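Numbers restart at 1 for each chain; the letters A, B, ... are given by sequence-line order, proteins then strands. Note that the structure is a prediction, hence the values are computed from the model and not measured.
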Protein chains: 2
Amino acid sequence: MAAPKMPTIDQMLCFAVYSTGHAFTRFYKPRLEALDLTYPQYLVFLVLWERDDVTVKALGDKLFLDSGTITPLVKRLEARGLVTRRRDEADERQVRVQLTAEGRALQAKAEAIPLAVIEGTGMGLDAADAMRRELFALRERLDAVLGE
Amino acid sequence: MAAPKMPTIDQMLCFAVYSTGHAFTRFYKPRLEALDLTYPQYLVFLVLWERDDVTVKALGDKLFLDSGTITPLVKRLEARGLVTRRRDEADERQVRVQLTAEGRALQAKAEAIPLAVIEGTGMGLDAADAMRRELFALRERLDAVLGE
DNA sequence: CGCAATTGAATTGTGCGCTATGTATATCGC
DNA sequence: GCGATATACATAGCGCACAATTCAATTGCG
């Protein structure tokens with residue numbers, strides 16, 4: 001049997017995910033301007049607003065990002081006085097990240113964003129939920145192949 | 001009516017897209033090692049293998065990427081002798097990108113990748129197609145809000 | 001108790017991806 | 001024909017995202 005032809009990019013699920021990810025980031029950018037945050041920074045705050053005082057490792061686990069990505073990102077936020085970083089006393093390998101009053105106060109500015117995003121997607125909540133679950137399941141299978 | 005609570009990241013479709021995009025890139029990385037290509041570079045080749053001799057503008061349009069991203073990327077491929085870049089004689093604003101023999105020959109090395117990716121997703125073709133179409137439609141709506 | 005293995009964070013280097021800006025070229029309207 | 005406008009590309013700067021590596025701290029085992 002002959003090998004299948006190379007797919008065109010429009011036939012590829014991975015390209016759909018890749019390019020839609022960029023579209024989301026572009027969509028968020030003007031809406032995060034008031035907070036002066038980038039999209040990955042906003043994700044960090046979403047984690048901290050839900051539960052303050054987490055380790056760099058926990059942040060990386062939740063966001064599926066490397067410490068090489070998390071550490072510089074959190075340092076930039078620290079430099080702006082939005083979070084603090086300090087070594088855990090019980091286990092000095094760990095660095096704990098906490099919100100400052102200013103970082104916590106950003107949440108009020110962010111309150112309108114989720115609705116704007118839902119409207120921007122033009123999707124019903126059920127459809128969005130179904131797609132979200134499928135993507136999480138897909139992410140899990142892709143990472144499982146890597147042996148993570 | 002009270003404003004809704006901030007969502008957790010696991011409730012956000014955009015985070016699902018964002019993190020699954022990274023998972024796809026991680027999944028591709030070892031499979032592209034034989035070609036010595038990154039995932040975005042591979043996407044450029046997929047466009048060129050389908051139809052050689054395209055402009056930087058056309059590449060950017062197809063991949064939904066800025067010329068600030070495409071130009072350095074293609075220059076790196078040119079430096080390795082995989083493509084050539086040259087000004088269009090009819091319209092000197094345009095730069096045309098063509099495969100070299102070496103760049104064309106890479107396609108043979110890439111033939112096994114699409115099946116590996118399909119297997120890695122663990123999804124049926126119908127399910128993958130449905131998700132792909134929904135993501136393209138979503139991308140279109142998100143970009144439409146930006147006025148692009 | 002000492003050492004090997006493991007873990008967590010940080011650093012360095014590289015490749016994006018985007019914004020803003022500048023330059024050159026082409027098009028359009030008067 | 002000329003000036004204004006638009007287009008295409010390139011550059012600079014910045015923020016990621018990851019791999020590889022290093023270092024410090026912790027854990028587990030003999």
*Nucleotide nearest Ser67(A) when distance is taken to its side chain, options dT19(C), dT25(C), dA9(C)*: dA9(C)

*Qualifying residue, where the test is ring pair (Phe, Tyr, Trp, His ring centres under 6.0 Å) with Tyr18(B) and the options are Tyr39(A), Phe27(A), Phe24(A)*: Tyr39(A)

_Keeping Thr69(A) on the side-chain end and Leu65(A) on the backbone end, is there a donor-acceptor pair under 3.5 Å?_
no

*Starting at the 5' end of DNA chain C and moving along, which residue's nearest nucleotide shows up first, Thr25(A) or Thr71(A)?*
Thr71(A)

*With respect to the phosphate group of dA24(C), does any side-chain polar atom (N or O) of Gln94(B) fall under 4.0 Å of OP1 or OP2?*
no

*Leu65(B) has a side chain; which of dG17(C), dT26(D), dA9(C) sits nearest to it?*
dG17(C)

*Rounded interatomic separation in angstrom, taking CG from Leu43(B) and P from dC16(C)*: 10 Å

*asked:* How many whole angstroms separate atom CG of Leu37(A) from atom P of dT19(C)?
replied: 17 Å

*asked:* I need the CG-C1' distance between Asp36(A) and dG15(D), as an integer number of Å.
replied: 12 Å

*Verify the distance criterion only: is there a donor paired with an acceptor across the side chains of Ser19(A) and Arg139(B) at less than 3.5 Å?*
yes

_Between C1' on dC18(D) and CG on Leu142(A), what's the gap in Å once rounded to a whole number?_
17 Å

*Which nucleotide sits closest to the side chain of Gln41(B): dC16(C), dG15(D), dG8(C)?*
dC16(C)

*Separation of Arg87(B) atom CZ from dT23(C) atom P, in whole Å?*
15 Å

I'd like a table of donor-acceptor pairs (distance under 3.5 Å, sequence neighbours excluded) in which one partner is a side-chain atom from residues 8-16 of chain A, with atom names and distances.
residue  : atom : partner  : partner atom : Å
Thr8(A)  : OG1  : Gln11(A) : OE1          : 3.4
Gln11(A) : OE1  : Thr8(A)  : N            : 2.9

*Rounded to whole angstrom units, what separation is found between the CG atom of Leu77(B) and the P atom of dC16(C)?*
8 Å

_On DNA chain D, does the nearest nucleotide to Glu89(A) precede the nearest nucleotide to Glu33(B) from the 5' side, or the other way round? Give the residue._
Glu33(B)

*Specify the residue among Arg96(A) and Tyr39(B) whose closest nucleotide of DNA chain C lies further upstream toward the 5′ end.*
Arg96(A)

*Nearest-angstrom distance from the residue atom CZ of Arg80(B) to C1' of dT14(C)*: 13 Å

*Look at the side-chain N and O atoms of Tyr18(B) and state whether any lies under 4.0 Å from the OP1 or OP2 oxygen of dC16(D).*
no

*asked:* Let's see if you can work this out: which of dA24(D), dA26(C), dC16(D) has an atom nearest to the side-chain heavy atoms of Leu73(A)?
replied: dC16(D)

*asked:* Is Lys29(A) close enough to dG17(C) that one of its side-chain N or O atoms is under 4.0 Å from OP1 or OP2 there?
replied: no

*Exam field: side chain Thr55(B) to backbone Gln94(B), donor-acceptor pair closer than 3.5 Å*: no

_Checking the side chain of Lys109(A) only, and the main-chain atoms of Ala34(A) only, is there a donor and an acceptor separated by less than 3.5 Å?_
yes

*dT26(D), dC18(C), dG15(D): which one has an atom nearest the side-chain heavy atoms of Asp91(A)?*
dT26(D)

*For the side chain of Thr38(A), counting heavy atoms from C-beta on, which of dT26(D), dC9(D), dG15(D) is nearest?*
dG15(D)

*Among residues 53-60 of chain B, which contact DNA chain C at a heavy-atom distance under 4.0 Å?*
none

*Test salt bridge (charged side-chain N to carboxylate O under 4.0 Å, His left out) applied to Arg93(A) - qualifying residues, sequence neighbours left out*: Asp91(A)

*When you get a sec, tell me which of dC16(C), dG8(C), dA17(D) is the closest nucleotide to the side chain of Thr69(A)?*
dA17(D)

*Measure from CZ on Arg76(B) to C1' on dT14(C) and round the result to the nearest Å.*
8 Å

*Could you tell me whether the side chain of Arg31(B) and the main chain of Ile113(B) form a donor-acceptor pair under 3.5 Å?*
no

*With respect to the phosphate group of dC18(C), does any side-chain polar atom (N or O) of Arg26(A) fall under 4.0 Å of OP1 or OP2?*
yes

*Distance check: side-chain N/O of Lys75(A) vs OP1/OP2 of dT11(C), anything under 4.0 Å?*
yes

*Check: Val95(B) main-chain N/O paired with Asp88(B) side-chain donor or acceptor under 3.5 Å*: no

*Between dT26(D), dC18(D), dG15(D), spot the one nearest the side chain of His22(B), thanks.*
dC18(D)

